[in-house]
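Data block below; observations after.
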2 protein chains.
Amino acid sequence: MTRENPTPAVRPLTLRDVSEASGVSEMTVSRVLRNRGDVSEATRAKVLEAAKTLGYVPNKIAGALASSRVNLVAVIIPSLSNMVFPEVMMGISQILEDTELQPVVGVTNYSPEREEKVLYEMLSWRPSGVIIAGLEHTEAAKAMLGASGIPIVEIMDVDGEPIDSMVGISHRRAGRHMATAIVEAGYQKIGFLGTKMPLDHRARKRFEGFTEALAKSGLEVADSEFYDGGSALLKGREMTQAILARSPELDFLYYSNDMIAAGGLLYLLEKGIDIPAQIGLAGFNGVELLDGLPRSLATMDAHRLDIGRAAAEIIARRVEDPTTPPGEVVVLKPSIDFGDTLKRVKKRPDL
Amino acid sequence: MTRENPTPAVRPLTLRDVSEASGVSEMTVSRVLRNRGDVSEATRAKVLEAAKTLGYVPNKIAGALASSRVNLVAVIIPSLSNMVFPEVMMGISQILEDTELQPVVGVTNYSPEREEKVLYEMLSWRPSGVIIAGLEHTEAAKAMLGASGIPIVEIMDVDGEPIDSMVGISHRRAGRHMATAIVEAGYQKIGFLGTKMPLDHRARKRFEGFTEALAKSGLEVADSEFYDGGSALLKGREMTQAILARSPELDFLYYSNDMIAAGGLLYLLEKGIDIPAQIGLAGFNGVELLDGLPRSLATMDAHRLDIGRAAAEIIARRVEDPTTPPGEVVVLKPSIDFGDTLKRVKKRPDL
DNA sequence: CGGCCCTCTGTTAGCGCTATCATAGCCAAG
DNA sequence: CTTGGCTATGATAGCGCTAACAGAGGGCCG
């Protein structure tokens, strides 16, 4: 405390300050702080002491520029507001915690333009890898990813051509699988309730798979209802009411996500409708939330945690050993949970 | 396409490449790409063209080092898994979208050590500001924040001394307010259900305020139940069952968050209990999810979106004009929503 | 037509770190 | 005591960009 002013921070500290305070060269300080190279115990202690008292925080910008090593992994996802991506994030964090790497999140709100912008922004920090949701990107985005020279993992979806690696489930197949289960359970008049999101390619693919499998059984979606924005639980209620008012003959409702399905379930229970005998229900995503509902909802688990973990593992491996071949593909199988809202006929081995 | 190999990306592109391709100096390219300084239309077009065909992505690391300007705002929050922080994030994004600034999220999992580490890591990228949840930090973390020389906004809570600015609600007061409303509605045997999280200071403060206000009316919490981990909805169910099995005389249940309250509500409705006459319920947080429940739950809105927005505005203002005085404090008032689960006695103007 | 003030472009010198190589000091072997 | 081979430390030269200033060219004035 040699100066008057107790709040310094006028000029941010640099290696030089630590070097002067501890009486060794900047290079030695750098070595100590990065635990790299041989430094004697005595010097190390002296340097650490000085760094600590000064409150020195290394400048990674300068470090990264000098070493062209950046321990960041860009994670680009459409949204944080429906629990599916936070869960993927957890998987990613779990794996990266054991490495030097750090995830940095960018959110696109399902907008391709925003995705392109966020991607550009992130790539300009020269991360060590990119984990990005989906296989559909603008041409420019694909070009950037391809030219970046770093490991890229596209996640969630495997129905398409990856730029490099991909990890996910087949949403088309998930849709087919659910349709088959519904048909086998004997339901005939099937309604679909989903989001009005032309850019949610995964929901679209599930729907395509669903209708395709129904068609094979000579069925089609009898009525459908779409929403956007607002509380999903409430929307589920409202849409269910609306679709049944219009098409009272429906005996099954397939929802594009568990939250609206839960809303529908609560509504139908209140109306005293017999589930799954009179009307069957199914959602998608296996949200943990559902455990507490009065009736266990039929759903399909998209293995979000595993997707995050597998993606992070690919990046970690590639960073650790750059000779690891690119283009790894991990296909996870969505597992159906019949719950109490979908009549069970017989165990099928798998689809 | 002069070379054989169609996948270049051996050496990442630099300003020099663009400069050579467009026949102007690196400086001019830099000016064009940053829209700074006067450049003739012809040159600008030439440069942009070259940058685009090459697929050049600027290196922000070098840029930041040279200009000592980093357009990142560190956002440090405890968790992404309960919707309250994602909502704060949305508020932050909404405001920062109109600026050059970009949020970067770090998650601490309610661990002070992790918070310290995440903070160190983030500060080492020299962000333009920090938004951090809570007022409780390790000594080292406080020292780093204080010495960083950048705007700091502590959010969510205002019961304590901020390092610089703070934005939030008083959780003590929120607890008191709810207690008063419950007592005025005539409930006497009050149970508390919450998380077993010694490090969730805000939940603790709410509980303190709650018991303090009860004490003023000569009451105390008759029984309580705590949980950790797992599906909150399910836990709400289980805890409600447990506490009522033990203390059947309870006539009110105060839950520390809306998710467990929702679980409790569903359970009690199934049991055919008369709400709010026989038992009253209240939660905390005003989660959008609740709109779809069979009965509208009494809760208190913590204005999370507004907290995010206000915090981001403070940072944006301070970055825009560094002479803006620090130490701004924004206290938001939590608003009570009686819903259908808390008997209403009379309108009170406010607490 | 010199002088002045524009507009546009280029030159130079770092930003704070790390890679790389050089070197001082030391000990053991010959 | 020399030589070789250590280990511990330092000197130097960038990383890719931008700030700050310098200068070239052109138009317009008196």
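What you see below is based on every heavy atom in this structure, not just the backbone, and it leaves out hydrogens, waters and symmetry mates. Not measured: the values here are computed from a predicted model. Every chain is numbered from 1 and lettered A, B, ... according to where its sequence line falls, protein lines coming before strand lines.
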DNA chain C nearest-nucleotide lookup for Pro58(A) and Arg31(B): closer to the 5′ end is Arg31(B)

Would you mind classifying the nucleic acid contact of Asp38(A) as base, sugar-phosphate or nothing, using non-hydrogen atoms under 4.0 angstrom? base

Side chain to side chain donor-acceptor pair (under 3.5 Å) involving Ser111(B) - partner list, sequence neighbours excluded: Glu113(B)

Residue closer to the 5' end of DNA chain D, Glu41(A) versus Ala62(A) (nearest nucleotide): Glu41(A)

For Ser67(B), which contact category applies under a 4.0 Å heavy-atom criterion: base, sugar-phosphate, or nothing? sugar-phosphate

Across the strands shown, which category fits Thr28(A) at heavy-atom distances under 4.0 angstrom: base, sugar-phosphate, nothing? sugar-phosphate

Student check: side-chain heavy atoms of Asn35(B) and Arg44(B) closer than 4.5 Å: yes

Under 4.0 Å, counting only non-hydrogen atoms across every strand here, what does Arg36(A) touch: a base, just sugar-phosphate, or nothing? nothing

Any donor-acceptor pair under 3.5 Å from Ser93(B) side chain to Met89(B) backbone: yes

Is it true that Glu116(A) and His137(A) share a donor-acceptor pair across their side chains at a distance under 3.5 Å? no

Contacted region of DNA chain D by chain A, from 5' end to 3' end of the hits, cut-off under 4.0 Å to heavy atoms, spans dA8(D) to dG16(D)

Whole-Å distance separating the CE atom of Met27(B) from the C1' atom of dA13(C): 12 Å

Between atom NZ in Lys46(B) and atom C1' in dC8(C), what is the gap in whole Å? 12 Å

Given atom CG of Asn59(A) and atom C1' of dC17(C), what is their separation to the nearest angstrom? 8 Å

